[in-house]
Amino acid sequence: MKNREAIADHLNVIPRNQHNISRKSISDSALKVLYRLSKSGHRACLVGGGVRDLLLGIQPKDFDIATDATPEQVRELFKNSRIIGRRFRLVHIRFGRDIIEVATFRGHDEDSLKTETNEAGRILRDNTFGEIEEDAIRRDFTANALYYDIHDYAVLDYVGGLQDIEQRQLRLIGDPDTRYPEDPVRMLRALRFAAKLGFTIEQAAADAIFRHGHLLAVIPPARMFDEVIKLFHSGSAVRVFELLREYGLLKYLVPALDEWLQDEPSEAMLDFIDQALVNTDSRVNTGQPVSPGFIFAVLLWPVVHQQASQIQPDRQKMISALIQVGEPIMKRQVRHVSIPRRFSQMARDIWSLQPKFHRTQGKQPLRLLSHPLFRAAYDFMCIQSMVALMPHRLCHWWTDFQLEHEVEREPESRRKPRPRRRRRNAG
Ligand code: ATP
Ligand code: MG
């Protein structure tokens with residue numbers, strides 16, 4: 001491990017007039033935290049994705065702050081805060097719906113009781129505090145290790161991150177053969193950032209994924225769930241899916257799908273996944289709601305569909321076949337990625353509702369329309385109809401049917417016409 005002086009020798013300071021980060025693009029809450037820490041005599045910097053995205057001209061989705069104040073000191077400065085995490089203790093400061101994450105600079109001390117690793121080198125806990133130089137080199141990628149110092153608005157670069165951002169590449173800090181085993185989730189992060197930012201993964205970091213991918217099998221399933229959702233709700237799920245296959249990591253996320261893909265998959269079903277991910281990306285990128293339940297319904301559908309059709313070729317009895325095969329498939333899945341129950345149930349309901357869309361006579365359509373998951377199941381069905389897994393006309397039929405029955409679907413409270421308020425100063 002390099003010492004502080006050696007790291008500091010590489011420091012490149014980019015003063016405020018030589019970079020494009022403006023305080024106007026930083027949220028008021030993040031600025032408030034930075035200034036209060038700074039006024040209390042602490043060092044405070046914006047770090048991570050916030051700095052990276054601002055340099056790239058992208059609006060960051062959240063702001064992370066690093067400081068030399070301990071979690072307890074931060075906690076005392078902000079009433080609206082709480083200490084979270086065990087592996088890494090952090091402070092969350094809440095401003096309405098906005099949460100600002102504050103981390104204390106971390107050092108690296110192999111002998112310390114506060115840094116715990118297992119035999120494979122995986123970090124189980126790391127609460128050794130340190131200086132900014134040490135904090136910089138324990139981050140994952142150089143592009144994620146830039147600091148925007150609120151004291152003089154300069155950007156601090158200890159690891160050549162600025163050059164990598166300019167070259168649009170993801171370079172792991174340090175030796176990939178150490179850094180991936182320390183935390184195998186970094187491999188998934190590499191694919192997510194590569195997809196989202198359109199960066200290439202630098203050769204050494206890319207090659208090492210093939211050597212260490214298998215370590216993802218030991219990540220706790222709850223953490224895997226968070227990462228899978230970040231991957232598929234990144235707004236670049238189509239590219240994420242390609243990269244997961246290219247790097248052989250899909251089998252640690254959705255093993256049943258990976259096996260299905262090895263086994264001469266049908267074109268229509270491949271198109272279905274692609275189309276569903278295109279749909280998810282466009283929803284994320286236009287701010288429409290998305291659900292983990294829908295993602296898992298999509299990713300496991302090829303397997304569920306195949307097995308259900310095998311045990312029950314008769315379409316009339318398809319619902320019970322889907323329920324029957326869905327259960328063990330989901331059971332196997334949650335051993336790898338622990339999907340909260342409401343989402344796994346949603347996926348199973350989306351599947352078993354599919355055959356009902358064939359029934360367009362009598363009272364059945366209205367009953368289906370009032371199902372709480374109608375919208376999600378309908379979207380799923382329309383994607384199937386786009387790739388000819390369902391008759392094309394069904395999507396049109398149900399789209400029209402919904403329009404005709406819009407009033408019936410509105411919640412009770414919204415049905416009454418509201419009295420219009422006159423605007424006094426209209427015009
Ligand atoms: P985004 O928030 O856009 O998804 P981000 O880079 O900010 O991307 P976060 O998960 O918010 O990612 O983490 C903030 C920063 O913490 C990262 O930029 C990185 O410097 C550091 N970091 C996060 N996870 C890891 C990890 N597993 N190993 C090393 N450093 C990490
Ligand atoms: Mg972030």
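Whatever order the structure lists them in is the order used to number ligands and atoms, beginning at 1.
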Novice: Tell me the protein N, O or S atoms under 2.8 Å from the Mg ion (ligand 2), in chain and number order.
Specialist: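 For the Mg ion (ligand 2), the protein N, O and S atoms that sit under 2.8 Å away are Asp62 OD1, Asp64 OD2.
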Novice: By the side chain to side chain donor-acceptor pair (under 3.5 Å) test, which pairs, at least two apart or in different chains, include something from residues 265-278?
Specialist: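 Passing the test, one end in residues 265-278: no pairs.
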Novice: When you check the side-chain N and O atoms of Arg94 and Asn80, is any donor under 3.5 Å from an acceptor?
Specialist: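 Asn80 and Arg94 do not have a side-chain donor-acceptor pair below 3.5 Å.
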Novice: Can you list, by chain and residue number, every protein residue with a non-hydrogen atom closer than 4.0 Å to ligand 1?
Specialist: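 Lining ligand 1 at under 4.0 Å, by heavy atoms, one finds Gly48, Gly49, Arg52, Lys61, Asp62, Asp64, Arg138, Arg139, Asp140, Asn144, Asp183, Arg186, Arg189, Arg192, Phe193, Lys196, Arg223.
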Novice: Give a yes-or-no answer on whether the side chains of Gln384 and Trp301 include a donor-acceptor pair shorter than 3.5 Å.
Specialist: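 Side-chain D/A pair, Gln384 to Trp301: present.
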Novice: One thing to verify: whether Lys32 and Asp28 come together as a salt bridge, which I'm taking to mean a side-chain N less than 4.0 angstrom from a carboxylate O.
Specialist: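 Result for this pair is no, no salt bridge flagged.
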Novice: Can a cation-pi geometry be assigned to Arg52 and Phe193, taking NZ or CZ under 6.0 Å from the six-membered ring centre and within 45° of the ring axis?
Specialist: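 Yes - Arg52 lies over the ring of Phe193, closer than 6.0 Å to its centre and within 45° of its axis.
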Novice: Apply salt bridge (charged side-chain N to carboxylate O under 4.0 Å, His left out) to Arg89 and Glu72, showing your working.
Specialist: CA-CA 10 Å; Arg89 286 170 73 229; Glu72 287 72 20; 2.5 Å; yes
Novice: Can we say Arg139 and Asp135 salt-bridge, meaning some charged N sits less than 4.0 Å from an Asp/Glu carboxylate O?
Specialist: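 Asp135 and Arg139: salt-bridged.
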Novice: Does the Lys NZ or Arg CZ of Arg189 fall within the cation-pi geometry relative to Phe141 - under 6.0 Å from the ring centre and within 45° of the axis?
Specialist: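 No cation-pi geometry.
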Novice: Looking at residues at least two apart in the chain, or sitting in another chain, which of them share a side-chain contact (heavy atoms from CB on, under 4.5 Å) with Pro220?
Specialist: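 For Pro220, the residues satisfying side-chain contact (heavy atoms from CB on, under 4.5 Å) (neighbours in sequence not counted) are Arg122.
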